[in-house]
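Notes for the one structure printed next.
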Amino acid sequence: MDALLKIDSVTKAYPGVVANDQVDLEIKPGEIHALLGENGAGKSTLVKMMYGLVKPDSGQMIWEGASYAPADPRAARAAGIAMVFQHFSLFDALTVAENIALGMETPPKTRELSRQIKEVSETYGLPLNPDRTVGTLSAGERQRVEIIRCLLQNPRLLIMDEPTSVLTPQEVDVLFKTLRTLSEEGTAILYISHKLEEIRALCEAATILRGGKVVATCDPRKESARGMAEMMVGQTFATPKRAGETAAGDAVLAVTNLSLPRSSPFATELKDVSLTVGAGEILGIGGVAGNGQDELLSALSGEVRVRAGAVTLDGKKIGDLAPRARRAAGLCVAPEERLGHAAAPTLSLVDNAFLTADVREGLSHRGFIKWGKARDYAKRVIQEFDVRTPSEDVAAQALSGGNLQKFVMGREMMQRPKALVINQPTWGVDAAAAARIRQELMTLADDGVALVVISQDLDELREIATTFAALNGGELSETRPMWGLSMDEIGLMLGGSAGEAA
Amino acid sequence: MDLSAINPVLLIAALMVAATPILLAAIGELVVEKAGVLNLGVEGMMITGAIAGLAISVETGSPLIGFLCAAIGGALLSLIFAVLVLYFLSNQVATGLALTLFGLGLSSMMGQGYQGVKPPLTEKMNLLGLGDLPVVGPILFGHDWIVYLSITLVIGVWAFLKFTRAGLILRSVGENAEAAHALGYKVNLIRMGAIAFGGACAGVGGAYISMVRVPQWVDGMTAGAGWIALALVVFGAWRAGRVMVGAYLFGGITVLQLNLQAAGVAIPVEYLSMSPYLITILVLVLISAGRARALGAPAALGQTFHASR
């Protein structure tokens with residue numbers, strides 16, 4: 001069968017980096033094709049060229065036998081290529097129908113469009129109300145908006161960028177069913193993901209990029225996940241190992257009946273959340289984004305003050321303390337958003353190290369900063385956690401996501417906290433760095449620190465957590481031992497129906 | 001004190017005149033902000049429009065050409081802002097403030113020869129010949145054409161944002177510029193157009209002060225009207241209708257307190273003078289408190305956009 005889209009030795013360079021170097025790729029009609037690679041391997045640049053957002057420096061693309069060079073996304077859509085983005089593509093304050101109309105060249109009248117949306121959503125089993133405001137939708141529903149926006153234009157090729165990173169296992173099943181139906185109808189799908197098990201279950205072909213070059217093509221159904229991971233990274237790496245089975249010690253961090261009203265229309269209300277974490281325990285909190293993770297983190301960090309007794313550390317009431325006082329007491333926190341929340345983007349690594357380690361590491365005296373000590377601390381973090389940076393004086397925003405994450409995590413871990421709360425420890429971090437961060441978290445637990453890890457990556461939680469609880473609509477499920485918990489049970493807990501399952 | 005001297009019909013007719021400059025400036029700024037740009041230079045564009053309109057109409061003898069040039073002047077000034085903010089990625093707040101200072105200085109220089117000069121009269125219309133009706137005549141049918149233009153603009157902007165595809169695209173740019181760019185919309189061109197529209201509206205608003213309300217040239221004569229227009233957009237929750245209510249409320253209280261001063265009410269003049277500002281903001285805060293305001297604000301307001309991200 002002839003290729004639907006053929007990419008022929010395409011090259012694209014940015015100042016200082018060659019994002020795509022002589023890349024070849026071939027997608028057949030109706031094929032589900034995986035595009036694999038680490039962060040910065042050049043996947044996004046490649047799909048942006050297909051979608052007309054970036055123009056190649058050299059090489060050519062052939063679409064259905066004819067030369068193809070889209071000037072902008074409209075041209076790509078007109079040719080029959082649609083794309084579901086990972087981020088930045090929906091408008092929160094607009095309705096579902098308005099969002100979809102914006103992605104179409106000649107949208108029909110609102111009423112007709114609403115009818116079409118309902119029709120397509122029923123055909124593919126993706127229920128959606130066209131009049132809802134997007135800001136009120138869950139992550140899964142938002143993705144449906146994007147998919148339906150694409151499907152309404154009858155694309156020949158559908159590009160999906162990390163579509164499952166925000167979905168529950170049940171939602172992933174629904175998505176896969178939809179994608180298989182589409183594939184049977186002849187629509188080709190280019191599927192970008194880090195999750196190798198998913199790719200093995202779904203895709204028929206895979207192209208693996210590393211450093212902007214194609215390093216392998218394979219049939220993922222015949223490869224192991226580990227084999228593909230090593231092709232991506234170009235080296236073998238160890239799976240994190242726990243030193244020994246540790247029984248949870250005495251309760252260190254406890255949250256009791258914590259309720260928090262919503263602070264903005266798009267925020268989530270926390271309802272009567274309780275949890276306890278013992279020394280050496282890693283409590284994994286799963287849940288789809290927007291179910292109260294950020295709110296729980298801010299209540300634990302002290303960004304939002306609560307009733308004194310709602311949060312206790314070693315029996316001391318700390319709920320009404322500010323972040324610095326909580327750090328002094330021994331509770332450290334690393335939030336999800338690296339730039340702007342965990343680190344100040346334009347400040348140097350030394351400054352950033354000082355900002356949270358000041359209290360516990362004694363980096364200041366009577367209001368004056370001890371620069372030597374602060375610099376030493378930043379250097380130690382950089383060395384211990386293998387942060388790749390030219391020096392400790394570069395701005396935090398100059399580091400790649402994975403390196404900054406290592407720095408931010410290391411900065412908290414090296415303060416020897418009694419309890420550590422982390423939101424999304426390996427979000428956007430490549431496989432090798434992620435493995436290292438997880439290993440460090442487990443080592444910390446072995447040393448008797450109580451850890452709370454909030455993550456949307458269930459594989460990660462299954463790997464490192466000793467106990468598990470799910471956040472759903474601001475409510476926390478009961479805590480259950482991770483050992484012996486099946487994926488189905490986890491899915492039900494995430495869906496908020498743990499009681500029915502038990 | 002003689003309150004009977006205050007004629008309600010004349011009061012209402014006068015408040016519409018008093019409200020028109022800020023209404024024009026505010027409706028223009030509403031469109032700019034809906035596109036995600038915060039232009040704090042409204043005051044500067046108004047005063048530039050004021051002197052441009054007055055000078056040109058004095059030279060040509062035609063108020064129409066004067067207003068036209070005021071619109072062009074305001075738009076040109078706003079394009080300086082647009083280029084700096086959109087293409088040189090300068091900070092919107094700082095650039096907007098600079099624009100105001102620049103406009104005040106520029107107008108003062110241009111107005112050197114026009115101190116106290118009177119512009120040609122902008123005539124009141126007699127709409128449909130109904131201007132002589134009692135009560136409704138002076139209120140609804142007896143104004144000059146700029147008052148009707150401002151009302152038409154409010155309705156037009158409301159309908160444009162609510163019903164048209166172009167309006168939807170403009171809102172999407174203000175909501176999430178990255179997403180709009182990813183869908184293939186020309187974010188900077190759309191913002192440029194919105195900024196120029198805002199500048200033209202502010203220019204006409206300013207010219208209305210120098211050519212109809214006062215009417216003569218005095219240095220710095222807009223006296224903060226641009227800032228009130230900015231506040232109206234925010235407290236009116238970015239809705240054309242509420243912005244109009246706010247503008248008329250402000251105009252009404254301004255005229256009323258002037259009348260009260262004239263009637264010799266036993267309230268210190270200072271309190272009366274500050275009352276329009278206080279009451280307008282208080283009322284608008286009350287009507288758009290809570291959810292409505294948070295939902296009205298364009299999510300990308302004031303953020304610099306660069307396509308490389």
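Every chain is numbered from 1 and lettered A, B, ... according to where its sequence line falls, protein lines coming before strand lines.
Heavy-atom contacts from other residues, nucleotides or ligands closer than 6.0 Å to NZ of B/Lys186 number 12 or fewer. B/Phe88 CZ: 12 or fewer foreign heavy atoms inside a 6.0 Å radius. Within 6.0 Å of CZ in B/Phe102 there are 12 or fewer heavy atoms belonging to other residues, nucleotides or ligands.
Nearest approach of B/Tyr185 to A/Arg74, heavy atoms of both residues: CD2-NH2, 3.0 Å. Contact record, B/Leu183 with A/Phe91: CD1-CE1, 3.9 Å, taken as the closest heavy-atom pair. Contact record, B/Ala182 with A/Pro73: O-CG, 3.5 Å, taken as the closest heavy-atom pair.
For chain B, the option among A/Met83, A/Glu98, A/Arg149 with the highest count of heavy-atom pairs below 4.5 Å is A/Glu98.
A donor-acceptor pair is defined here as one N or O able to donate and one able to accept, closer than 3.5 Å; such a pair exists between the side chain of B/Arg165 and the backbone of A/Ala101.
Within the model, atoms CG of A/Leu90 and CD of B/Glu175 stand 11.0 Å from one another, a figure rounded to the nearest 0.5 Å.
Residues A/Leu102 and B/Leu168 form a side-chain contact, since some pair of their non-hydrogen atoms from C-beta on lies under 4.5 Å apart.
In this structure, chain B has a heavy atom under 4.5 Å from the side chain of A/Leu53, while its backbone stays farther away.
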